[in-house]
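Down below is the structure, laid out as C-alpha cells.
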There are 2 protein chains.
Amino acid sequence: MKTFSEAVLIQVAAYFQVLAEPMRLKILNVLRSSDRTVGQVVEALQGNQANVSKHLRILLDAGIVSRRTEGTSAIYGITDPAIFDLCEMVCDRLATRIEAQNMFRASLTRRKTNV
Amino acid sequence: MKTFSEAVLIQVAAYFQVLAEPMRLKILNVLRSSDRTVGQVVEALQGNQANVSKHLRILLDAGIVSRRTEGTSAIYGITDPAIFDLCEMVCDRLATRIEAQNMFRASLTRRKTNV
DNA sequence: CTCTTGCTTAACTACATCGTTATTTAGTCA
DNA sequence: TGACTAAATAACGATGTAGTTAAGCAAGAG
C-alpha cells in the first residue's frame, strides 16, 4: 500500500488549491485551444484585466501555464495538457455521483407513488 | 476540441477545493488502508476531534468518503479509490516540475562556475 | 523624448475557511 | 433514569484569497 508523506500532501493540496477557482479553470479552458495574450483572455471571458492577470500569475507560478512576450503583449499557453485529464477525472466522479443521486431520488419517487 | 461549460467548471472547482486542504488529504491517506472511526483518525493524525469531524463532513458531502455507524461510533471509508489516482497525477506533475527546476538550477551553476 | 498601449503590481474591501473551545446530540450500560 | 463515551455542531478569532480601482512599468509609435 503506497502512502504519501506529509510534505508531499502539503504540496499536492497547494496544487489543488490553484485549480480550485472557477475563474482559473475558465482561463485554462480558453487557453486550451491555443495560446492567447492577456487581452484576448480578458475579452473571451468578459473579465477584469487586473484580475485575469493575477490569476495568470498564479497559474504561472504553479507551472501550469507558460509565458512569453511579444512586443508589449504577454502570451500565455498551457504547459502540460495533462491538466485537462485531471478535470476529466473530476467530471467523471461528479457525473457518477450525480447519477447515483438521481437513482436514489428515483427510487424515493417510486416508493412514494407506489404507496 | 472538447470544452467545459461554466456550470461544470464551477463544480469541478468546488471538488478541487475539497482536495485543497492538507488535513483532508491526510485523512484520506489514513482511510486508504482501511475504514476507521473518527477517533481512530484523530489518533492517527494527532489531531483535534472537532476539526477532524468537520473535515470528514466536508469529504462526506463531496461524496469522497462514506459513513456508517456502529454503536456510538461513526466509521468512515473511501468511496472511490480513484481519488488517489488524482493525487498520483498531481504528484507526477509536481515531480516533473521540480526536476525541471533542478536542471535549470544546474545549468545556472554550470554557467557560473565556467566564468 | 513623450504618448499610447498592454500588462503587472499595490492597496483595499468583502467574504470564506481553518483550527480551537465549548456545547449538544446520540447511543450504551449500570 | 442517570452517567459515560463518541461524534457532531456552534461560536469565535485569525488568516487567506477573490475582485476592484488605481498606480506603476515596459515596449513601441510618432
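Chain naming here is simple, since letters A, B, ... match the order of the sequence lines and numbering starts at 1 in each.
- A donor-acceptor pair under 3.5 Å is formed between the side chain of Gln40(B) and the backbone N or O of Thr37(B).
- Taking atom CD1 of residue Ile27(A) and atom P of nucleotide dA18(D), one finds them 11 Å apart after rounding to whole Å.
- Side-chain N/O atoms of Tyr76(B) include one lying less than 4.0 angstrom from OP1 or OP2 on dA8(D).
- When each of Asn48(A) and Gln17(A) is assigned the nucleotide of DNA chain D bearing its nearest heavy atom, the one mapping closer to the 5' terminus is Gln17(A).
- Looking only at distances, no side-chain donor or acceptor of Thr79(A) sits under 3.5 Å from a matching main-chain atom of Ser66(A).
- At a cut-off of 3.5 angstrom, the base of dT17(C) holds no donor-acceptor pair with the side chain of Lys54(B).
- Within the nucleic acid shown, Thr37(A) comes within 4.0 Å of sugar-phosphate atoms alone, with no base atom in reach, counting heavy atoms only.
- Picking from dT20(C), dT21(D), dT28(C) the nucleotide with the shortest atom distance to the side chain of Thr72(B) gives dT28(C).
- Of the residues in residues 18-26 of chain A, none has a non-hydrogen atom less than 4.0 angstrom from any atom of DNA chain C.
- Distance from the side chain of Ser53(B) is smallest for dA7(D) among the nucleotides dT8(C), dA7(D), dA18(D).
- In this structure, CG on Asn48(B) lies 9.5 Å from NE2 on His55(B), to the nearest 0.5 angstrom.
- Contact check of residues 57-68 of chain B against DNA chain D (heavy atom, cut-off under 4.0 Å) returns Arg57(B), Arg67(B).
- Of the candidates dT20(C), dA7(D), dC7(C), the closest approach to any side-chain atom of Gln49(A) belongs to dC7(C).
- Distance from the side chain of Val38(B) is smallest to dA7(D) among dC7(C), dA7(D), dA18(D).
- In this structure, Arg93(A) fails the cation-pi test against Tyr15(B), since its NZ or CZ atom is not both closer than 6.0 Å to the six-membered ring centre and inside 45 degrees of the ring normal.
- Of the candidate nucleotides dA8(D), dT28(C), dT9(D), dA8(D) has the atom nearest to the side chain of Ala74(B).
- A straight line from CD1 of Ile75(B) to P of dA6(D) spans 13 Å, rounded to a whole angstrom.
- Between the Gln46(A) side chain and the Glu43(A) main chain, a donor and an acceptor come within less than 3.5 Å of each other.
- Distances shown here put a side-chain N or O of His55(A) below 4.0 Å from the OP1 or OP2 atom of dG19(D).
- To the nearest angstrom, C1' of dT9(D) lies 13 Å from CG of Asn51(B).
- The backbone N or O of Phe4(A) lies less than 3.5 Å from a partner atom in the side chain of Asn29(B), making a donor-acceptor pair.
- Nearest heavy atoms, Cys87(B) versus Leu25(B): SG-CD2, 4.4 Å.
- In terms of modelled atom types and a separation under 3.5 Å, the side chain of Arg67(B) and the main chain of Ile75(B) share no donor-acceptor contact.
- Using modelled atom types, no side-chain atom of Arg24(A) and backbone atom of Leu59(A) make a donor-acceptor pair closer than 3.5 Å.
- Contacts of Ser73(A) with the nucleic acid, taken as non-hydrogen atoms under 4.0 Å apart, involve only primed sugar atoms and P, OP1 or OP2.
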